[in-house]
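Comments concern the structure below.
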Amino acid sequence: MSSLEQTLSIIKPDAVERNLDGEIKSFYEKNNLKIIKSKKVKISKEEASEFYKVHQTKPFYGELCNYLSSGPIVVMILEGENAVSNNRQLMGATDPKKAEDGTLRKMYGLSIDKNSVHGSDSVENAKIEINFFFK
Ligand code: CMP
């Protein structure tokens with residue numbers, strides 16, 4: 001079954017810093033994910049903590065929030081058939097060392113923290129995350 005969905009993608013500070021946002025956007029467009037909205041922002045540590053609050057009990061939570069607020073990021077609404085799972089496949093495993101060839105994190109990720117992109121993990125979370133950045 002396929003369904004038209006929207007998902008949130010974030011190009012993280014390590015990738016924006018290396019000017020990879022254009023390449024990553026064109027990778028999405030070539031792989032059936034249309035960029036409906038896009039903006040470059042810099043968020044505060046408090047905003048990052050709110051965004052990643054599902055991870056608040058994890059040992060890496062503090063570092064994660066420091067990192068996402070450390071420099072400009074590009075946030076996008078992507079739309080397409082099965083956009084949530086399609087985007088997760090295109091991103092690859094969280095740890096770039098474990099990501100499959102041809103995935104964004106394999107191509108661009110530097111480490112598990114500096115893994116270049118974030119994508120919503122479910123349709124339900126996609127709605128919450130889209131609303132967080134594009135109210
Ligand atoms: P992301 O998909 O943005 O969601 C949470 C982030 O936490 C994840 O990507 C990683 O960049 C980061 N992270 C850091 N350490 C870990 C870890 N041990 N397991 C999972 N995610 C981690």
Side-chain angles (χ1 to χ4, degrees):
M1 278 286 288
S2 68
S3 63
L4 188 67
E5 294 170 355
Q6 291 190 340
T7 191
L8 183 89
S9 168
I10 302 178
I11 305 176
K12 296 189 182 185
D14 66 272
V16 175
E17 199 173 61
R18 288 176 288 151
N19 294 312
L20 294 170
D21 40 320
E23 281 174 51
I24 292 173
K25 284 179 175 184
S26 93
F27 186 78
Y28 282 139
E29 296 276 10
K30 279 184 213 151
N31 286 282
N32 304 315
L33 289 171
K34 194 164 184 236
I35 298 162
I36 300 293
K37 284 189 184 173
S38 172
K39 63 182 178 184
K40 192 185 269 189
V41 292
K42 187 168 184 307
I43 61 173
S44 65
K45 183 167 184 195
E46 289 66 36
E47 288 168 317
S49 307
E50 175 64 21
F51 179 77
Y52 272 136
K53 70 179 177 207
V54 291
H55 294 298
Q56 61 193 345
T57 59
K58 310 266 174 64
F60 54 85
Y61 181 59
E63 275 302 304
L64 177 61
C65 300
N66 281 335
Y67 177 58
L68 197 71
S69 56
S70 68
I73 57 175
V74 175
V75 292
M76 292 166 287
I77 301 175
L78 305 179
E79 187 178 272
E81 294 296 327
N82 303 314
V84 172
S85 61
N86 186 13
N87 181 34
R88 291 188 68 83
Q89 279 185 13
L90 295 174
M91 287 193 302
T94 307
D95 183 349
K97 290 200 291 281
K98 296 180 185 157
E100 283 179 36
D101 284 346
T103 61
L104 287 169
R105 284 166 168 167
K106 177 74 175 195
M107 291 189 283
Y108 304 125
L110 301 173
S111 65
I112 197 164
D113 301 298
K114 297 183 175 177
N115 62 355
S116 301
V117 282
H118 166 86
S120 311
D121 66 1
S122 65
V123 172
E124 190 190 1
N125 282 337
K127 287 183 184 143
I128 295 168
E129 292 185 356
I130 287 170
N131 196 42
F132 183 88
F133 282 109
F134 296 96
K135 281 200 240 318

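In this chain, residues are counted from 1 in sequence order. Counting starts at 1 for both ligands and their atoms, following the listed order.
K37 forms no cation-pi arrangement with F133, by the criterion of a distance under 6.0 Å to the ring centre and an angle within 45° of the ring axis.
Distances between N or O atoms of I112 and those of ligand 1 include at least one value under 3.5 Å. In terms of polar-atom proximity, defined here as any N/O pair under 3.5 Å, T94 makes no such contact with ligand 1.
Here the CD-CD distance, from E124 to E129, works out to 11.0 Å after rounding to the nearest 0.5 Å. Atom CD of E17 is separated from atom NZ of K12 by 14.0 Å, given to the nearest 0.5 angstrom.
By the criterion of a heavy-atom distance under 4.0 Å, both the backbone and the side chain of D113 are placed next to ligand 1.
For the residue pair T103 and E100, no side-chain donor N or O sits within less than 3.5 Å of a side-chain acceptor on the partner.
Considering each of K114, R105, K58, H55, the one bringing a non-hydrogen atom nearest atom 2 (O) of ligand 1 is R105. For atom 3 (O) of ligand 1, the candidate residues are Y52, F60, F51; the nearest heavy-atom contact is made by Y52.
At the top of the distance list for atom 6 (C) of ligand 1, counting protein heavy atoms only, stands L64 CD1, 3.4 Å.
Proximity of I43 to L68: side-chain heavy atoms (C-beta onward) are separated by under 4.5 Å at one or more points. Counting heavy atoms from C-beta on, the side chains of L64 and D113 never come closer than 4.5 Å.
K12 counts as a contact of ligand 1, since one of its heavy atoms falls under 4.0 Å from the ligand.
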